[in-house]
Amino acid sequence: MSSLAFQEPLQLTADVLVIGGGPAGTWAALTAAAKGAKVVLADKGYCGSSGATAPSGTGVWYVKPEARQREEAKASRYAMGGKLAEHAWMDRVLDRTYSNMNRLGLAGYPFPLDHEGNPYKRSLQGPEYMRLMRKLVRKAGVRILDHSPALELLADEHGVAGAAGVRTQGGEPWRVLAGAVVIATGGCAFLSKALGCNVLTGDGYLMAAEAGASLSGMEFSNAYAICPTFSSVTKTAYYSYASFFYEDGTVVEGAGSKKGRSVIARNLLAGRQVYAKLDQAPEDLQPLLRVSQTNFFLPFDRRGIDPFKDAFPVTLRLEGTVRGTGGIRITDEQCGTGVPGLYAAGDAATRELICGGFTGGGSHNAAWAMSSGSFAGEGAADYAAALGRHAAGRTPAGLSVSPLAQAGAAPGEAARTAEFTAAVQAEVKPYDINLFRTGEGLTASLGRLDELWQAQRSRPITVSPEGVKAREAEAMTATARWMYASALARTETRGMHKREDFKESDGAQHHRLISGGLDEVWVQPEQVAKERVAL
């Protein structure tokens, strides 16, 4: 029997518990603490170095408060996103992002200077950004639990009241009772090995659904990024400077167009390797590209490849909802989920409000993370303060659909979890299921995913590092089911959701798709208000 059975859990109380330590989580913790809340932040990895932002550079949707610039910024992706974004939400995010980026400058972020000598605030370097955010969060008095993934939310008849998990380095359980919880666990990349995404397995989606929250836009989840076959770095923007070839040197027609990823995918499906060369990057720009995305070039340098002169093999790596726009449905301006005491931010929440159905890439997602994190932190702090003395006497129970056990792992548990993980990946990674969608393919895949869910549904999960992996497999399975159920219900092509059997957009389907449910997945439309399409 594991020693876990005899370890006393770490027991903490807080006004606000933030689950997740990326940009959204740290902004949530910072703003909640600024309102006087006692805050605990629990991160699956090490807050400041884990997640998709920390190892990368990212653009930011930073636009000065000038009317014409703001209108152009809002219109830039509105049509591409199927006209599902909301005018008011875009305004709020642009305002808060502008404020927060200026705040970062005052806090010491080393913004480079433009040609006029002014700080250039339309991008952030992940390592510097997240190092600063950890410093600010600690300075604000937030207690950080590193390497402490949450396994389940806690709730009573009044709503969510904390969470419980395990500290993976030492193996001891933890339990935090809190007046409100912010889920900022990121999206789901299905352990595809995209850089920084190994901790992004849809955990927050599952925990929110177990608490009664719903999701929105889960059909907009089939994001694939161009990537060297030998690298995990997914920076598709750099391939705007690329030419694409077959092994014999002939050009891959259409690979450099807006539909380039589909062209590459069809070739890879046919067994034809595609090669890229960044030979369209002007020579004077090449040093700047190296400086702005240093990690993009490391795999090339280690192999002696000059990507500006040498062709290299590429593939498409699944980024799922990390670069998609679906996530937990937001029901109010403080990023509430409709479940009392539960808030969501960043990639864990739907980004349809500012992107519609087309990926926010780095810039919109980065703006959404810092703005929604701020909104959620403020909302959670206000909610916890309103509870007053009533919070102290609550005795919440865990919400996990699978029973959590303190005893050691059962024989074969690790191998069984690996089988579940591989099985869900076999449904979401293939281009001919997830990228080129059809009713027949989605229906067949959903059937297999439903069986996979039932096989995991009631098996005991230990409060241990191995149990974390089991919950990840369960969360990925649940995420895939919401994705495909929503994709099956949207019988049209809109945004990044593309149906091979319905290749045109249908005006009658200009609505959002809300999904939810655990054993029985449901999907229903939610109309977009007329004010939201007034662009």
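Numbers here are sequence positions counted from 1. The basis for the numbers below is simple: all heavy atoms, side chains too, and nothing from hydrogens, waters or symmetry mates. Keep in mind it's a predicted model, so treat the numbers as computed, not measured.
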May I ask you to say whether R481 pairs ionically with D450, meaning some side-chain N is under 4.0 Å from a carboxylate O?
yes

Would D91 and K74 pass as an ion pair if we require N to O under 4.0 Å?
yes

Of V93, N100, L94, the residue whose pairing with R96 passes side chain to side chain contact (heavy atoms under 4.5 Å, CB included)
N100

Can you name the residues that form a salt bridge (Lys or Arg N to Asp or Glu O under 4.0 Å) with E500, not counting sequence neighbours?
R266

Using a strict 4.0 Å threshold on nitrogen-to-oxygen distance, state whether R448 and E451 make a salt bridge.
no

So, R351 side chain and A349 main chain: donor-acceptor pair closer than 3.5 Å or not?
yes

For the residue pair W61 and H364, does the interplanar ring angle fall in the parallel (under 30°), tilted (30 to 60°) or perpendicular (over 60°) class?
parallel

Minimum heavy-atom distance N434-S221, with the two atoms named:
ND2-O, 4.5 Å

Does a side-chain N-to-carboxylate-O contact under 4.0 Å join E472 and K469?
no

Should the pair F296 and Y238 be assigned to parallel (<30°), tilted (30 to 60°) or perpendicular (>60°) ring geometry?
tilted

Both conditions, 6.0 Å and 45 degrees, for the charged tip of R457 above the ring of W453: are they met here?
no

Evaluate side-chain contact (heavy atoms from CB on, under 4.5 Å) for F502 paired with Q509, printing each intermediate quantity in order.
CA-CA 12 Å; F502 296 97; Q509 296 187 55; over 6 Å; no

Distance under 6.0 Å and angle within 45° of the ring axis: does R92 meet both against F375?
yes

Decide yes or no for T325 and F358: does some side-chain heavy atom of the first lie under 4.5 Å from some side-chain heavy atom of the second?
no

Using a strict 4.0 Å threshold on nitrogen-to-oxygen distance, state whether E474 and R471 make a salt bridge.
yes

What heavy-atom pair brings W27 and S374 nearest, and what distance separates the two atoms?
CE3-OG, 3.8 Å

What closest approach, in Å, do K235 and R323 show between heavy atoms, and which atom pair accounts for it?
NZ-NH2, 4.0 Å

Is R329 salt-bridged to E526, going by a charged N under 4.0 Å from an acidic O?
yes

Closest heavy-atom pair, M130 versus A54, reported as atoms and distance to 0.1 Å, is CG-CA, 3.9 Å

Nearest heavy atoms of I433 and A426, plus distance in Å
CD1-O, 4.0 Å

Search all heavy atoms of L200 against all heavy atoms of T185 and return the closest pair with its distance.
CD2-O, 3.5 Å

Do S400 and L151 come within less than 4.5 Å of each other through their side chains, counting heavy atoms only?
no

Quick test of your reading of the model: are E86 and R512 salt-bridged, counting only N-O distances below 4.0 Å?
yes

